[in-house]
Amino acid sequence: MIRLRIFIFYILFLFLLISCNEPGGIASAFTPEPALDIDTALAIAAGTVNAPRPTPTSAVVGTIENPLIIALPPGSSTDGKRVQAGTAFAEQLSEVTGFTFVVVAPESYSRLVEAIGHGNAHIAVLSPYAYVFAYEQGFANAAFASLRSGENAYGAQFIARTEAGFQSYFDSEKEENTGSATEALSQFRDKKPCWSDEVSPSGRIVPAGILAHNDIPFRSAAVLQGQPTVVRAVYVGGICDFGTTYVDARNFPAVLDEYPDVFEQVDVIWRTPSIIPYDVLTIANSLTPEVQLAIRDALFRITGMQAGRQVLGPAYGNENWERITDIFYEEFRKYVKLSGINLENLIQ
């Protein structure tokens, strides 16, 4: 039985990759594709028939003939423990909903998003940028946010050397801003930033989007290697006028060891709210609203049970999840768009 499950997993994985490579790019809306039945799968393995091309079907979704598809993180197909946990997760969902589920593992986030758009993946955990792209294409909606240390998102901060003369609009004792973004960040008009890298949500993308939203132009940035390096550059001075990091990169152990007075010499000028997500559990829009709701309710039950967390942890790298909707990510999506980053290139 175990060998049969593993065999079906790999056949379905092959089927997913075939369907993702159809000419014409990503489709905006598809009826879910049928899965291979066991007899056909065995015939293909024996070499007596060729793998069929996927065709649209009106079969009821969630049945053995047309199962719902759970996608594991990209590149998980050779990770036995992750595949085993994913299979256990599928079994739990089946017990709660009565639907049939199968598990696949695409090779990249771009292939995974394509699969969701083609109706060949229905439940998937996406990285923040992959989620935004899938949402903007109308492929999927957010259902659950992953938690780290009990938090469902984190923030970014604008920092500057104390001696540079910028006014701080952040109360470090109350841990809150004392002025608006426009007030605080207008000081950086035509100034030079330090980014941690080109694609970091907190080290560049969200801060750049906020500056754009407030019509604050800035000079060409110095792109450094890592957020602790941004703190060091601001501390030393002469490289950039201000920097952006996660909250609070000044606490990085190596930075504190090197610069024990970093909290006195580097000020937080302004902080964003906690709007940058971790991974996002999504449900495909190719499913009917009734099926989506049934899956959401089932996931809510499973994430609240110890048995559910025990399989979600090894399957997706996080056992703690919180029910949310797409409204939760509205600001993040807005600033990502305003930053001008090309999401499609980013999730290859």
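Keep in mind that what you see is a predicted model, and the values were worked out from it rather than measured. Scope of the values below: all heavy atoms of this structure, side chains included, with no hydrogens, waters or symmetry mates.
Heavy-atom minimum distance, R296 versus A143: NH1-CA, 3.4 Å. For the residue pair L211 and F218, the shortest heavy atom distance occurs at CD1-CD2, 3.6 Å. Contact record, A142 with D326: N-OD1, 2.9 Å, taken as the closest heavy-atom pair. Across G155 and S202, no two heavy atoms sit closer than the pair O-CB, 4.3 Å.
Among residues two or more places apart in sequence or in another chain, the ring pair (Phe, Tyr, Trp, His ring centres under 6.0 Å) test is passed with Y246 by none. A search for side-chain hydrogen bond (donor to acceptor under 3.5 Å, both in side chains) contacts involving E258 returns R232, not counting sequence neighbours. Among residues two or more places apart in sequence or in another chain, the ring pair (Phe, Tyr, Trp, His ring centres under 6.0 Å) test is passed with F328 by none. Judged as a side-chain contact (heavy atoms from CB on, under 4.5 Å), and not counting sequence neighbours, the contacts of A307 are Q92.
Screening residues 148-234 for disulfide (SG to SG under 2.5 Å) gives C194-C240 as the qualifying pairs, with residues at least two apart or on separate chains. Pairs passing the side-chain hydrogen bond (donor to acceptor under 3.5 Å, both in side chains) check and including a residue from residues 302-314, sequence neighbours excluded, read Q306-R309.
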**Prompt:** Can you check side chain to side chain contact (heavy atoms under 4.5 Å, CB included) on L72 and Y316, steps first, answer last?
**Reply:** CA-CA 7 Å; L72 290 176; Y316 293 106; 4.1 Å; yes
**Request:** Please step through side chain to side chain contact (heavy atoms under 4.5 Å, CB included) for the pair V60 and N66, ending with a clear verdict.
**Result:** CA-CA 7 Å; V60 177; N66 190 25; over 6 Å; no
**Item:** Test side chain to side chain donor-acceptor pair (under 3.5 Å) applied to T245 and Q157, step by step
**Value:** CA-CA 6 Å; T245 71; Q157 61 186 16; 3.1 Å; yes
**Message:** As a quick check of understanding, evaluate side chain to side chain donor-acceptor pair (under 3.5 Å) for R333 and Y131, giving each step before the final call.
**Reply:** CA-CA 9 Å; R333 294 195 306 267; Y131 155 71; 3.0 Å; yes
**Test log, rule side chain to side chain contact (heavy atoms under 4.5 Å, CB included), inputs F332 and Y129** = CA-CA 10 Å; F332 178 69; Y129 293 143; 4.1 Å; yes
**Message:** side chain to side chain donor-acceptor pair (under 3.5 Å) for S108 and S110? Distances and angles first, verdict last.
**Reply:** CA-CA 5 Å; S108 67; S110 61; 2.9 Å; yes
**Message:** Run the side chain to side chain donor-acceptor pair (under 3.5 Å) test on S274 and E151 for me, step by step, so that the C-alpha distance in whole Å, both residues' side-chain angles and the decisive distance to 0.1 Å come before the verdict.
**Reply:** CA-CA 9 Å; S274 295; E151 301 295 328; 5.6 Å; no
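Ring geometry for F188 against F166 counts as perpendicular: the plane angle is over 60°, on a 0 to 90° scale with 30° as the lower cut. Below 30°, between 30° and 60°, or above 60°: for H213 and Y335 the angle between ring planes is above 60°, a perpendicular geometry.
Under a hydrophobic clustering in which Ile, Leu, Val, Met, Phe, Trp and Tyr are joined whenever their side-chain heavy atoms come within less than 4.5 Å, directly or via other members, L346 and Y135 fall into the same cluster. In the hydrophobic cluster analysis, where Ile, Leu, Val, Met, Phe, Trp and Tyr join through side-chain heavy atoms closer than 4.5 angstrom, Y169 is grouped together with I216. Both V223 and I205 belong to a single network of hydrophobic side chains, linked directly or stepwise wherever heavy atoms of I, L, V, M, F, W or Y lie under 4.5 Å apart. Cluster annotation: V247 is not connected to F242 through the hydrophobic network of ILVMFWY side chains, with a link wherever side-chain heavy atoms come within less than 4.5 Å. F263 is connected to Y235 through a chain of hydrophobic side-chain contacts under 4.5 Å among Ile, Leu, Val, Met, Phe, Trp and Tyr, so both are in one cluster.
When side chains are defined from C-beta on, F144 counts as touching L299, because their heavy atoms get closer than 4.5 Å. Looking at P217 and D190, their side chains come closer than 4.5 Å, going by heavy atoms from C-beta outward. Considering only heavy atoms from C-beta on, L312 stays 4.5 Å or farther from N318 through its side chain. Counting only heavy atoms from C-beta outward, the side chains of W321 and S146 approach each other to under 4.5 Å. R82 has its side chain out of reach of P314: every pair of non-hydrogen atoms, C-beta onward, lies at least 4.5 Å apart. At a threshold of 4.5 Å between non-hydrogen side-chain atoms, the residues V199 and I341 count as touching. In this structure, L68 and V61 have side chains that are in contact, with non-hydrogen atoms separated by less than 4.5 Å. With a 4.5 Å cut-off on side-chain heavy atoms, I327 and Y329 do not count as touching.
Rounded to the nearest 0.5 Å, atoms CG (D215) and CG (L185) are 12.0 Å apart.
Taking the centre of each ring, F139 and F133 stay at or above the 6.0 Å mark.
The backbone N or O of D197 lies less than 3.5 Å from no partner atom in the side chain of S200, so there is not a single donor-acceptor pair.
Between E175 and R271, at least one side-chain N (NZ, or NE/NH1/NH2) sits under 4.0 Å from a carboxylate O, which counts as a salt bridge. Between D279 and R148 there is no salt bridge, since no side-chain N of the basic residue sits under 4.0 Å from a carboxylate O of the acidic one.
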